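Everything numeric here is computed off the predicted structure, so don't read it as measured data. Counting convention: from 1, in listed order, for ligands and their atoms alike.
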Amino acid sequence: MDRIRLIGGNELNGEIPISGAKNAALPLMIASLLSDEPLVLQNVPRLADVKQLERILENHGVDIAVHGRRRGEEGEGQRMTFHAADIVDTTAPYDLVSKMRASFWVIGPLLARCHEARVSLPGGCAIGTRPVDLFLFGLKELGAEIDIDEGYVVAKAPKGGLVGAHIKFPKVSVGATHTILMAATLARGTTVIDNAAQEPEITNVAECLVAMGAKITGIGTRTLTIEGVERLHGATVDVIPDRIETGTFAMAAAMTGGNVLLKGARAEHLQAALDILARTGTALSVEPEGLRVHRNGNGIQPVDVETDPFPGFPTDLQAQFMALMTMASGTSQIRETIFENRYMHVAELARFGADISVDGQLATVRGKAQLKGAQVMATDLRASVSLVIAGLAARGETIVNRIYHLDRGFERLEDKLGRCGAEIERIAG
Ligand code: UD1
């Protein structure tokens, strides 16, 4: 299994291009199931999760083509066509779905277009139980009949297809919002989704669906209204830049010191995190080409944080922020409100000498001036990268084991950091 070796202590200086957002690319790819015409996506990141979803879509009968990959362009996002002319199989099998939770979301489009779907219950990062009750609630509201059979969700639409409904989610869920939004585009009549997720990735998908002919209003708000149409057509859509990658590199620069331009980053997609970073003493400025992050060597101020659905502070940046707080000049408190078991990185950060105690959803971080390099183990996607940024700031050598989680969500991480002065390498094996 590959490992990452790094020697900490160098400042980060230079430019880092921000890749297309994984969490937008995945549902956009799934949206291709809704139409028999091609959906062209631009700026798709080269990630293991994208590859895995390609396998799942191919199993349903989607033809996938990657265009214009030329020598020297490896660093640029892919332009890909997804053509679901004919859905040949409405089952998403366990061995494909169990590797990635988002693949469960195919249930929405399959049910809307083919009126039936059989999808394995999902896997993904081990960050809590992550049930699917909200998905099933929403699909039932649209008239679907749902059974659970040998680990599979078996869903059937009523005769004539799904029917529009007023759906009020009791809890905000990104995945359930994507799924019901996609399903409702082809339902008969009007669907209203109350308490919808407002993440920028939802907006990216909603705008893609509109470009495909869907009728959606309220995009970017808590209430989405979808008037079902008979069919959707092809479109060409850009994947938005990855706000979690942006925030991760911003926190890395805040921790190591230096001056980095995050090219293509969109500050409005992570304003809450940037406001918090500014309070830690990090200088941030929006420039025509992206976001500049600068630390001039002054100490890192402790700041308390609570994770929340967008526009709040993202749970996907909680581990990275905790890494930063381990070097703050005082004590900070972090409250995780989205997932019940998302502190696996705490034990690993302790190997660097960090002083963190956890009581339920609340973590108390007592900052110290210097971390020391260590052997650590990546546990989930975002936790893994918090160990990398801690290693960048720690004194001496760090080895991060089990980095396959990183490859699921971060494109060319070592390369991007290495070009800015980090001493970092991948050790194969
Ligand atoms: C998405 C993101 C993930 C991010 C998360 C929260 C993708 C591919 N993944 O995951 O990176 O951390 O949003 O911003 O976009 N829940 C239920 N029942 C359900 C569904 C969810 O109780 O049926 C709960 C979850 O257990 C969790 C909370 O709702 O506690 C939020 O989860 P959700 O927004 O659904 O996360 P994902 O869509 O899986």
| Any donor-acceptor N/O pair, E199 side chain to F310 backbone, under 3.5 Å | yes
| Heavy-atom contact under 4.0 Å between P131 and ligand 1? | yes
| field | Polar atom proximity, D316 to ligand 1 (N or O, under 3.5 Å) | value | yes
| task | Say whether F104 and ligand 1 are in contact under the criterion: heavy-atom distance to a ligand atom below 4.0 Å. | result | no
| query | Can you find a side-chain donor-acceptor pair between R5 and T398 that sits under 3.5 Å? | reply | no
| task | For ligand 1, indicate whether the residue R101 contacts it via side chain, backbone, both or neither (heavy-atom separation under 4.0 Å). | result | side chain
| task | May I ask which of D308, I244, L134 has a heavy atom nearer to atom 16 (N) of ligand 1 than the others do? | result | L134
| field | Where ligand 1 meets F135 - atom numbers and elements under 4.0 angstrom, heavy-atom basis | value | 20 (C), 23 (O)
| task | Report yes if G175 has an N/O atom closer than 3.5 Å to an N/O atom of ligand 1; otherwise report no. | result | yes
| message | Below 3.5 Å, N or O to N or O, backbone or side chain included: is there any such pair between S173 and ligand 1? | response | yes
| request: Apply side-chain hydrogen bond (donor to acceptor under 3.5 Å, both in side chains) to the pair H166 and E141, showing each step before the final yes or no. | output: CA-CA 8 Å; H166 192 144; E141 293 283 288; over 6 Å; no
Solution key, residues 242-255 side-chain donor-acceptor pairs under 3.5 Å, sequence neighbours excluded:
unit_1 : atom_1 : unit_2 : atom_2 : d
D242   : OD1    : I244   : N      : 2.9
D242   : OD1    : E245   : N      : 3.0
D242   : OD2    : K22    : N      : 3.2
R243   : NE     : E201   : OE1    : 3.2
R243   : NE     : E201   : OE2    : 2.8
R243   : NH2    : E201   : OE1    : 2.9
E245   : OE1    : S19    : N      : 2.7
E245   : OE2    : K416   : NZ     : 2.6
T246   : OG1    : D242   : O      : 2.7
T248   : OG1    : I244   : O      : 2.7
T248   : OG1    : Q320   : NE2    : 3.0

| message | Distance under 4.0 Å to a non-hydrogen atom of W105: what atoms of ligand 1 satisfy this? | response | 7 (C), 8 (C), 15 (O), 38 (O)
| query | Under a heavy-atom criterion of less than 4.0 Å, does Q318 contact ligand 1? | reply | no
| Test item: side-chain donor near acceptor, T315 and E336, under 3.5 Å | yes
| message | So, regarding R382 and ligand 1 (criterion: nitrogen or oxygen to nitrogen or oxygen, under 3.5 Å), is there a contact or not? | response | no
| message | Can you confirm whether the side chains of R335 and Q361 place a donor and an acceptor under 3.5 Å from each other? | response | no
| Is ligand 1 under 4.0 Å from a heavy atom in the side chain of V174, in the backbone, in both, or in neither? | both
| request: Say whether Q333 and D304, considering side chains only, have a donor N or O and an acceptor N or O under 3.5 Å apart. | output: no
| note | Sorted by chain and residue number, the salt bridge (Lys or Arg N to Asp or Glu O under 4.0 Å) partners of E150 (sequence neighbours excluded) come out as none
| Taking both backbone and side-chain atoms of I338, is any N or O found less than 3.5 Å from an N or O belonging to ligand 1? | yes
| query | Is a side-chain donor-acceptor pair under 3.5 Å present for T223 with T221? | reply | no
| said: Any heavy atom of K171 closer to ligand 1 than 4.0 angstrom? | reply: yes
| said: I'd like to know if the side chain of T337 pairs up with that of E306 as donor and acceptor (distance under 3.5 Å, no hydrogens or angles considered). | reply: no
| message | Only heavy atoms of T315, strictly under 4.0 Å: list the atoms of ligand 1 that pass. | response | 6 (C), 12 (O), 14 (O)
| task | Examine the proximity of ligand 1 to E336 and report which part, side chain or backbone, both or neither, has a heavy atom under 4.0 Å away. | result | neither
